[in-house]
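Residue numbers run from 1 in the order of the sequence given.
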Amino acid sequence: MATRTQARNAVLGILYAYDIGNHTAIEEATQILEEKKIRHKQQDFALGLIQGVLTNLENLDTLINTHLKEWDISRLGRIECSILRLGAYELCYTQTDAPIVINEAIELGKIYGDENAPRLINGVLDSIQKITKTTNTQNLEDTQ
């Protein structure tokens, strides 16, 4: 059975392919996941991540851009951008613990990004999780 780490790895490949112009990767996502033996709950998890990132792409890019210091998202490598989108989506829209999301993204950066990718990914996602944690805490306080 595939793990969430393997599912994220496959999702990254699909998001990267989409980002560089291979829009059929989204249509073939289920088949790609099957080929990688990502099935059942993990496949649902992966497809949810893909759909979530694409649905919220503009918001995610704006959020990431806000947390890039003296950089613009357009200057990032496509793989780093895809990793940040995936991580930011998980931090903002899922219940996955922030340390897990950030660690998984850093590991993807080590494998696929350039030598500075892990540090960049860590800094941006850590900054985003601090904001989302504050927002979530405020939302909980507002409902009480």
Exercise. Flag this pair as yes if the NZ/CZ of Arg4 is under 6.0 angstrom from the six-membered ring centre of Phe45 and inside a 45 degree cone about the axis; otherwise no.
Key: yes
Quiz item: Hey, quick one: are Ile100 and Ile102 part of the same hydrophobic cluster, counting side-chain heavy atoms closer than 4.5 Å, chains of contacts allowed?
Solution: no
Self-check item: Contact check, side chains of Arg85 and Ile64, non-hydrogen atoms, under 4.5 Å
Solution: yes
Quiz prompt | Exercise: identify the closest heavy-atom pair between Ile128 and Leu91 | solution = CG2-CD1, 4.1 Å
Quiz item: For Asp114 and Glu80, which heavy atoms make the closest approach, and how far apart are they?
Solution: N-OE2, 3.0 Å
Quiz item: What pair of heavy atoms forms the shortest contact from Leu49 to Arg8, and how long is it?
Solution: CD1-CG, 4.2 Å
Quiz item: Which heavy atom of Ser82 sits nearest a heavy atom of Tyr16, and at what distance?
Solution: OG-CA, 3.6 Å
Quiz item: Going by heavy atoms in the side chains, are Leu54 and Ile50 under 4.5 Å from each other?
Solution: yes
Quiz item: Is there a side-chain contact between Lys36 and Gln6, using heavy atoms and a 4.5 Å cut-off?
Solution: no
Practice problem: I would like to know whether Val11 and Leu15 meet side-chain contact (heavy atoms from CB on, under 4.5 Å); could you show each step before the answer? | Solution: CA-CA 6 Å; Val11 167; Leu15 292 175; 3.7 Å; yes
Quiz item: Within the distance-only criterion (no hydrogens, no angle test), does the side chain of Asn56 pair as donor or acceptor with the backbone N or O of Gly52 below 3.5 angstrom?
Solution: yes
Quiz item: For Arg119, does the CZ atom sit with more than 12 other heavy atoms under 6.0 Å from it, leaving out its own atoms?
Solution: no
Quiz prompt | Identified side-chain contact (heavy atoms from CB on, under 4.5 Å) partner of Val124 from the options Thr66, Leu84, Leu76, Asn65 | solution = Leu84
Self-check item: His40 NE2: over 12 foreign heavy atoms closer than 6.0 Å
Solution: no
Quiz item: Between the side chain of Asp72 and the main-chain N/O of Arg75, is any donor-acceptor distance below 3.5 Å?
Solution: no
Self-check item: Test applied, side-chain contact (heavy atoms from CB on, under 4.5 Å); reference residue, Glu104; option that passes from Thr5, Leu86, Leu12
Solution: Thr5
Quiz item: Do the side chain of Thr24 and the main chain of Glu27 share a donor and acceptor less than 3.5 angstrom apart?
Solution: no
Self-check item: Ile111 reachable from Ile14 in the ILVMFWY side-chain graph, under 4.5 Å edges
Solution: yes
Practice problem: Provide the closest heavy-atom pair for Ile38 versus Ala2 in the form atom of the first, atom of the second, distance. | Solution: CG1-CB, 3.8 Å
Quiz item: Can you name the nearest heavy-atom pair linking Tyr89 to Val53, along with the distance?
Solution: CB-CG2, 3.7 Å
Quiz item: Do you see a donor-acceptor pair shorter than 3.5 Å between the side chains of Asn9 and Tyr112?
Solution: yes
Quiz item: Within the distance-only criterion (no hydrogens, no angle test), does the side chain of Thr62 pair as donor or acceptor with the backbone N or O of Glu58 below 3.5 angstrom?
Solution: yes
